[in-house]
Structure formats: structure tokens, C-alpha cells
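Inspection log for the structure reproduced underneath, given as C-alpha cells.
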Amino acid sequence: MNIFIVTPIAFPILIGILLLIIPTKWFQSKVFTRSGLILIVAFCLVMNGVLVLCSMLETNGNELPKVMFYLTKSLPIMFKIDKVSIIFASIVTIVWIVAGFFSFEYFRNDNNEKRFYGCYLILFGILIALDFSANLVTFYIFYELLTLVSVPLVLHNQTKESIMAGLKYLFYSLSGAYMVLFGFYFLNRYSKTITFSPGGILDMTLIQGHEGLLLFVAFIMILGFGVKAGMFPLHAWLPTAHPVAPTPASAVLSSIIVKAGVLGIIRVVYYLFGPDFLRGTWVQSVWLALTLITIFMGSMLAYREKVLKKRLAYSTISQVSYILFGLALLNPIGMSGALLHVVFHAFIKCGLFLIAGAIIHKTGKTKVTQLRGIGKEMPVTIWCFTILSLALIGIPPMSGFISKWYLATGALNEKIPVFSLLGPVILLISAFLTAGYLLPITIKGFLPGDDFKYETLEKKEPKKLMLVPILILTILAIVFGIMPNGLIGYINGIIVAVF
């Protein structure tokens with residue numbers, strides 16, 4: 001069992017370190033580049049198989065934590081496979097494969113591709129370690145490493161704008177991590193273990209008389225992990241960092257890295273404090289308010305934004321808080337909707353960012369106002385953009401409809417004063433705004449108008465290495481919308497364990 005856990009973590013990290021230390025001339029030689037790409041692709045395929053094996057082992061009931069070593073007698077570094085870790089590790093693997101394929105063409109003439117792929121692979125291993133972490137100390141260590149290794153992706157272009165964005169991302173992320181560390185001290189004091197356990201690990205005899213303090217600690221930890229997830233009021237790093245990063249980095253930042261914050265909140269709320277401890281408290285009310293503010297604010301800012309990648313970054317702020325809203329409901333239906341949206345949003349947003357990158361790569365156009373007639377030049381790409389946009393809006397039978405249905409239903413069923421009605425209303429308004437900032441690109445792209453100079457059009461469809469990953473993500477957005485029952489059934493196993 002240990003080999004199945006350690007290999008997916010250690011292998012990409014070691015390969016990434018190797019890429020960083022080898023001479024640049026070796027990496028840029030045709031022989032090394034080709035063999036290196038084959039190695040990366042082969043690893044991704046093997047990794048997917050390992051995850052399937054881990055899922056089979058978990059299904060058979062083998063969920064015992066595996067201790068690697070001890071920092072102190074009471075702080076073990078340990079890993080564990082459970083249904084939550086399988087979901088997150090699976091989407092990480094799929095996104096890393098498709099974004100990696102896309103990057104081969106994107107970085108064809110880039111002088112710093114060695115550094116990018118080194119950090120990209122190390123980050124892959126760190127994310128898998130984060131997903132497999134069995135306790136808070138293990139999770140926290142890899143959460144900090146995640147920030148440090150992802151900063152070079154933001155800094156990749158080495159412009160003044162990217163450097164400032166990277167520093168801003170680093171400052172916000174470390175501030176959020178220190179909030180989590182603050183909470184860690186108190187959890188270690190008021191619980192017998194810091195190992196994640198469905199339903200929570202608080203020792204009620206120890207916290208008696210200190211409930212108010214623990215509620216404050218829970219809120220600080222939610223806010224700390226909420227920084228990475230782009231939750232108001234600590235969201236400002238995201239629209240600054242994501243647009244300046246190269247497109248493959250933007251895609252994984254917006255679809256995967258932000259989910260590290262989501263996973264942290266899931267572990268804190270449902271596997272450390274427990275939903276029963278927070279339900280009906282001021283923490284739940286404030287958390288719900290912050291998520292709804294973020295949903296509306298992100299959608300409104302995206303609607304007003306003219307730069308395509310920045311518009312998608314604001315959209316990420318809004319859409320990730322859909323997930324946080326479902327988690328904040330602290331009921332089974334809301335959590336189901338949140339976990340469904342974790343999966344669906346990862347594929348949809350990765351696809352949208354890759355399309356934005358393909359447009360910029362082929363045309364050099366970065367603003368929405370410049371995309372008139374783009375559907376005539378890149379028809380397949382813009383059709384994929386249209387389908388993914390419909391999925392993000394939540395139009396059936398696309399996948400986004402399923403998760404948003406669960407979120408709205410979870411809010412209405414919970415009967416929380418104000419929020420049970422306000423939540424679905426904000427979700428609906430956000431859906432209209434999402435349509436407003438995505439669909440005009442399609443409409444003007446395919447129907448530029450009679451005054452458009454059609455004779456200037458050129459076919460600019462991206463090459464297969466760019467187009468195939470986009471098509472795969474588009475197909476996934478459709479398939480999960482038409483056939484969601486397998487994933488819903490898998491998530492129900494998590495819900496039963498937690499509630």
C-alpha cells in the first residue's frame with residue numbers, strides 16, 4: 001500500500017528536480033526534448049492507473065493512515081487514501097495531462113521552458129501529497145510548499161507586472177497559511193488527534209467552556225484557506241496573478257491550485273471541527289455571507305472586465321465561491337453540490353483558459369473587444385468555448401447545471417433565515433451575469449455583422465497539441481452533464497461518512 005501512495009508523490013517531484021538541475025543545452029536538444037516529453041506523458045498515464053488502484057484499495061476498506069516519519073512524537077507525517085483524496089487527485093491528474101500537452105506547443109519557442117516543466121512536475125507531486133495528507137500537519141507542510149513552488153509559474157515571463165503579481169500572490173498566500181497555523185495550535189490543544197476523521201475530531205470534554213474560542217479559531221482557519229480559494233475579502237491576488245502567468249499556468253492555477261484552499265476548508269470543517277459544531281453559529285452565517293458577496297462581486301467584475309484572461313480570473317473568484325457556499329450550508333445536499341462543482345469547474349475553467357491561450361497564441365488578441373469575427377477564424381475552438389460557457393452558466397444538459405441544481409436545492413432545504421432564499425437568488429443572478437460576460441464572445445465571434453471585413457479573415461485554428469486537450473475538456477463537460485450518476489453515487493459515500 002505504501003508504494004501506491006509514495007510513488008505518485010515522489011516520482012514527479014524527483015523528475016522535476018532533475019529537469020531544474022540539468023544543463024539547459026541538454027534539455028533543448030531534440031533527442032532529450034522528445035524523450036522527456038514521452039517520459040512526462042507516460043508518467044501521467046501511469047499515474048492515472050495508480051489512482052485507479054488506490055480507488056480500488058479504498059473501496060475494499062483499506063483506509064488506515066500510513067505514517068512516513070515523525071517530526072516530533074506527537075506530529076507524524078502520514079498519508080491516507082479516502083474518497084475525497086481520490087476525487088481531488090483524479091482531477092489534478094487529468095488537468096495536468098491536458099494542460100501539459102497544450103504547453104508543448106505553447107512553449108515551443110520559449111527560452112525558459114525547462115524551469116517551467118521542472119516546477120510544473122514538482123507542483124504535480126506536491127498536489128498529490130496534499131490530496132493524500134492524513135492529518136493537519138502533513139497537509140500544512142505541503143500547502144506551504146504548494147505556494148512556494150507555484151510562484152515561479154506566475155513569475156515565468158519575468159516582466160515587472162508578473163514579478164509584482166507573484167509577490168502579491170506570495171504575500172496573500174502566506175498570510176492565509178499563517179491564519180491556518182494559528183488555528184493548528186488550538187486544535188492540537190483541544191483535540192486528542194489531528195488526523196482527519198469524517199465528522200470531526202474535537203474532544204467535547206476538553207472544549208467545554210471554550211466553545212466561543214474554538215468558533216473563532218474555526219472562522220480564522222476558514223478565512224485562511226479561503227485566501228487560496230479567492231474568497232472575499234482576501235481575493236485580490238487572483239485577478240492580478242492568473243492573467244500575467246503563461247496560459248498553461250493560468251489554467252492550472254484557476255482550475256486546480258484554488259481548489260487546494262477548498263480542500264483545506266473541507267478538511268477543517270468536515271474532518272476536524274465537524275459540521276455539527278458549526279451549524280447554526282455565527283461562523284456559518286458570516287461564512288455564507290462572504291461566499292454570496294464573492295459570487296456576486298466576482299460575476300459583476302467579470303462582466304465589466306475587457307481583458308479576456310482577467311475576465312476568466314474574476315469568473316474563477318465567483319465560481320469557486322459556489323463551492324464554498326455549498327460547503328457552508330453544512331448539509332448533505334449542499335456538500336454534494338460543492339463536490340460536484342469541484343470536478344465540473346476544474347474541467348470547464350481549464351478548458352476556457354486554454355482556449356483564451358490559444359486565441360492569444362494564434363492572433364495576439366487579448367481583449368474581448370478585439371474578438372469580433374474570431375469564430376470565423378477559429379471555428380472549432382470557439383464552438384468549444386461556447387459549449388464550456390454553457391456548462392459554466394449551468395444550462396442543461398451541461399455538467400454545470402447538475403452541481404448548481406444541488407447547490408440551490410441544498411439552500412432551499414436547509415431553511416436558514418435569509419440565506420436559504422438569498423442563496424438561490426444570488427446564484428441565479430450570477431448565472432445571468434456569466435451568460436453576459438461569456439456568450440457575447442461567441443455571438444460576435446460567429447456573427448460579426450454586415451460591416452465586418454470578411455476578406456481579411458484567415459484560418460487560425462491551433463495545432464492538434466493545443467486543440468485536442470481543449471476538445472477533451474469540452475467532451476468531459478458534456479459527458480458529466482449527461483451521465484452524472486456514477487460521480488453522484490461516489491460522492492454519496494463521502495456524504496454518508498461525514499453526516
Side-chain angles (χ1 to χ4, degrees), residues 1-12 43-66 68 78-98 123-135 138-139 142-143 146 195-199 252 255-271 323 326-327 332 335-347 350 399 402-403 476 479-480 483-499:
M1 182 65 177
N2 284 353
I3 194 67
F4 288 110
I5 297 176
V6 174
T7 301
I9 297 169
F11 190 78
F43 162 71
C44 290
L45 296 176
V46 171
M47 177 65 198
N48 200 36
V50 170
L51 288 175
V52 172
L53 291 173
C54 289
S55 181
M56 293 173 61
L57 289 170
E58 186 274 326
T59 302
N60 292 332
N62 193 341
E63 295 189 33
L64 293 176
K66 306 298 177 183
M68 299 295 114
M78 54 199 298
F79 298 103
K80 174 183 174 182
I81 306 298
D82 64 3
K83 289 181 181 293
V84 172
S85 64
I86 291 297
I87 287 177
F88 278 84
S90 297
I91 63 172
V92 168
T93 302
I94 294 171
V95 167
W96 239 250
I97 291 172
V98 295
L123 198 57
F124 191 4
I126 290 172
L127 281 164
I128 298 300
L130 195 74
D131 298 334
F132 288 175
S133 295
N135 61 8
T138 308
F139 190 96
F142 285 101
Y143 188 79
L146 173 70
T195 302
F196 300 136
S197 179
V252 299
S255 60
I256 296 297
I257 303 300
V258 293
K259 302 298 192 313
V262 172
L263 179 58
I265 290 175
I266 290 174
R267 293 304 193 188
V268 165
V269 173
Y270 291 92
Y271 288 78
I323 299 168
L327 296 175
M335 188 179 184
S336 296
L339 290 173
L340 286 169
H341 208 60
V342 165
V343 177
F344 302 156
H345 176 263
F347 300 145
C350 181
S399 55
I402 305 298
S403 55
L476 287 173
V479 169
F480 275 115
M483 297 181 291
N485 289 338
L487 180 59
I488 292 172
Y490 189 83
I491 290 174
N492 284 340
I494 300 172
I495 302 304
V496 169
V498 168
F499 290 94

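We use all heavy atoms of the structure for the numbers below, so side chains are in, but hydrogens, waters and symmetry mates are not.
Listed by first and then second residue, the salt bridge (Lys or Arg N to Asp or Glu O under 4.0 Å) pairs that reach into residues 484-499 come to none, sequence neighbours excluded.
A heavy-atom distance below 4.5 Å is not found between the side chains of Ile494 and Tyr270. Within the 4.5 Å cutoff, no side-chain heavy atoms of Ile323 are placed close to those of Leu339. Annotation: side chain of Cys350 is not in contact with side chain of His345 (no heavy-atom distance under 4.5 Å). Proximity of Ile86 to Tyr490: side-chain heavy atoms (C-beta onward) are separated by under 4.5 Å at one or more points. By the 4.5 Å heavy-atom criterion applied to side chains, Ile257 and Leu123 are counted as neighbours. Side-chain contact check for Val84 versus Arg267: some heavy-atom pair is nearer than 4.5 Å. Under the 4.5 Å side-chain criterion, counting only non-hydrogen atoms from C-beta, Phe139 is not in contact with Asn135.
Atoms CD1 and CG, from Ile87 and Leu263 in turn, are 10.5 Å apart once rounded to the nearest 0.5 Å. The structure places CG of Leu327 at 5.0 Å from CD1 of Ile266, a figure rounded to the nearest 0.5 Å. Once rounded to the nearest 0.5 Å, the distance linking CG of Leu340 with CD1 of Ile488 reads 5.5 Å. Here the CZ-OG distance, from Phe142 to Ser133, works out to 6.0 Å after rounding to the nearest 0.5 Å. For the atom pair CD1 (Ile126) and OH (Tyr143), the distance works out to 13.5 Å, reported to the nearest 0.5 Å. Atom CG of Asn485 is separated from atom CZ of Phe480 by 12.0 Å, given to the nearest 0.5 angstrom.
Cation-pi geometry between Lys80 and Phe132 is not met at under 6.0 angstrom from the ring centre and within 45 degrees of the axis.
Between Thr93 and Ala89, the shortest heavy-atom distance links the atoms OG1-O, 2.8 Å.
Residues meeting the ring pair (Phe, Tyr, Trp, His ring centres under 6.0 Å) test with Phe88, sequence neighbours left out: none. Residues passing the side chain to side chain donor-acceptor pair (under 3.5 Å) test with Ser403 are His341, sequence neighbours excluded. Legend: residues meeting side chain to side chain contact (heavy atoms under 4.5 Å, CB included) with Ser336, ordered by chain and number and at least two apart, are Tyr406, Ile491, Asn492, Ile495. With sequence neighbours excluded, no residue satisfies side chain to side chain donor-acceptor pair (under 3.5 Å) with Asp131.
No donor-acceptor pair closer than 3.5 Å links the side chain of Thr138 to the backbone N or O of Ala134.
Ring pair Phe196/Tyr271 is perpendicular by interplanar angle, where above 60° counts as perpendicular and below 30° as parallel.
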